[in-house]
Amino acid sequence: MKLQKLQYFIEMAKQKSFTKASNKLHISQPALSKQIKLLEEEIGFALFRRSSKGIELTHKGYAFYQDIEPLFFTIEQKVYQHMNHDEIRFGSTPILSSYFLHEHYEKIQNSNIYITAIQDDNRDLLPMIQSGEIDAAIIQDIATAEAVYSRFLFEDRFVAAIPLSYSLASKESVTLEECFQHPQITTPKGTPFYNRLQERMEEQGMTPDIFETHYHAMAGFVSVGVGIAYLPKMMSRHIEYKGLVFVPIKGEPLKRDMYLHASTKPVLDLLYDLLRPSWC
């Protein structure tokens, strides 16, 4: 039995349509139908039946699909890993490149992964995957997207960056309410983090002065006493600035879920194995 017949069967089971499956597989409908019939002859039972809803798996066909599909995907993934395939074009942000990807530098260096796109807002990388400009990226707070495979990678929590001149700098932990009594340094208006912080301030009836800038500039402004910022814990573990201290926020109310998005399943799983952090 050739693997190609199984590939055709799996795609038919997913699409439930000869037209859709043949288009996906780039073969004619008669050729696909013939391959399915040959497979049914080899295994000795019918895989599909026609109904008012279209093409459906038979009971035995469904059980066969449940057993075969994970195995076939594993084979496909392993073959992909050992192929001398083209480079994987990875999109990133300055923060992720500087404070997350560097921890995986050795593994990335020994693979065919290349960072080919940098965006300040990682949400701007998602359309680039969908259009084929890049193959993968880490996107915050977007679990799924059309025509893209995704998987949860890690939860990134935030700490307060506080000027040493503030009394809060001597505390072991702080609350957001305490922080909101001082000027706030945040990402530009309209960004997910700005909106989240604004909601928190409105909940507590607080209206502190707000200074907008980008993540990579926040620590510098905190160090000269402009206000309090909230930075990813991954970042706070790797930078030292004179004039500021990083303080945990009680209850860790500020966090973001980071999802790995990729153009194909094999690329998704290959990158997940490489980039899955040990500290989350």
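Predicted model, so just to flag it, every value in this text is computed and none were measured. Throughout, numbering of the chain's residues begins at 1 and tracks the sequence.
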Would you say [X] has more than 12 foreign heavy atoms packed within less than 6.0 Å of its [atom1]?
| X | atom1 | answer |
| --- | --- | --- |
| Lys34 | NZ | no |
| Lys250 | NZ | yes |
| Tyr62 | OH | no |
| Glu203 | CD | yes |

* Verify side-chain contact (heavy atoms from CB on, under 4.5 Å) between Thr187 and Glu212, making sure each step is shown before the conclusion. => CA-CA 5 Å; Thr187 52; Glu212 299 174 31; over 6 Å; no
Calculate, to the nearest 0.5 Å, the distance between atoms [atom1] and [atom2] belonging to [X] and [Y] respectively.
| X | Y | atom1 | atom2 | value |
| --- | --- | --- | --- | --- |
| Ser173 | Glu178 | OG | CD | 8.0 Å |
| Ile95 | Asn122 | CD1 | CG | 10.5 Å |
| Ile210 | Ile185 | CD1 | CD1 | 11.5 Å |
| Phe158 | Glu252 | CZ | CD | 11.5 Å |
| Lys189 | Gln198 | NZ | CD | 7.5 Å |
| Gln181 | Met206 | CD | CE | 5.0 Å |

State, yes or no, whether a side-chain contact exists between [X] and [Y] at a heavy-atom distance under 4.5 Å.
| X | Y | answer |
| --- | --- | --- |
| Leu47 | Met12 | no |
| Ile43 | Phe9 | no |
| Asp135 | Thr116 | no |
| Phe64 | Leu6 | yes |
| Leu57 | Phe48 | yes |
| Pro94 | Asp120 | yes |
| Phe246 | Ile239 | yes |
| Val222 | Leu231 | no |

* To do: Using distance alone, with no hydrogens and no angle criterion, decide if Ser17 and Gln15 have a side-chain donor and acceptor under 3.5 Å apart.
  => no
* Consider only side-chain N and O atoms of His238 and Glu103, and report whether a donor and an acceptor are under 3.5 Å apart. => yes
Is there a path of hydrophobic side-chain contacts, each under 4.5 Å between heavy atoms of I/L/V/M/F/W/Y residues, joining [Y] to [X]?
| X | Y | value |
| --- | --- | --- |
| Phe45 | Tyr8 | yes |
| Leu164 | Leu244 | yes |
| Ile142 | Phe154 | no |
| Leu38 | Ile27 | no |
| Ile162 | Tyr215 | yes |

* Parallel, tilted or perpendicular: which fits the ring planes of His214 and His216, with parallel below 30° and perpendicular above 60°? -> parallel
Taking all heavy atoms of [X] and all of [Y], pick out the closest pair and write down the distance.
| X | Y | result |
| --- | --- | --- |
| Val148 | Ala262 | CG1-O, 3.3 Å |
| Leu96 | Met234 | CD2-CE, 3.9 Å |
| Ala169 | Pro163 | CB-O, 3.5 Å |
| Leu268 | Leu260 | CD1-O, 3.3 Å |
| Arg123 | Ile139 | CA-CG2, 4.3 Å |
| Ser22 | Gln29 | OG-CG, 3.4 Å |

* Could you walk me through whether Leu153 and Tyr272 pass the side-chain contact (heavy atoms from CB on, under 4.5 Å) test, one step at a time? => CA-CA 7 Å; Leu153 191 59; Tyr272 181 80; 3.7 Å; yes
Backbone N or O of [Y] within a donor-acceptor pair of the [X] side chain at under 3.5 Å?
| X | Y | value |
| --- | --- | --- |
| Arg89 | Glu133 | yes |
| Asp141 | Asp257 | yes |
| Arg196 | Lys255 | yes |
| Ser223 | Gly243 | no |
| Ser236 | Lys233 | yes |
| His261 | Leu126 | no |

* Go through the steps to decide whether Gln140 and Phe193 satisfy the test side-chain contact (heavy atoms from CB on, under 4.5 Å), and finish with yes or no. => CA-CA 10 Å; Gln140 77 173 66; Phe193 187 80; 5.7 Å; no
* **Stepwise side-chain contact (heavy atoms from CB on, under 4.5 Å) check, Leu25 with Gln7** => CA-CA 9 Å; Leu25 294 165; Gln7 181 187 13; 4.3 Å; yes
* **Test log, rule side-chain hydrogen bond (donor to acceptor under 3.5 Å, both in side chains), inputs Tyr230 and Gln184** => CA-CA 9 Å; Tyr230 309 95; Gln184 302 291 292; 2.5 Å; yes
* Just do the salt bridge (Lys or Arg N to Asp or Glu O under 4.0 Å) check on Asp156 and Arg256 with the steps written out, would you? => CA-CA 5 Å; Asp156 189 23; Arg256 56 181 180 171; 3.1 Å; yes
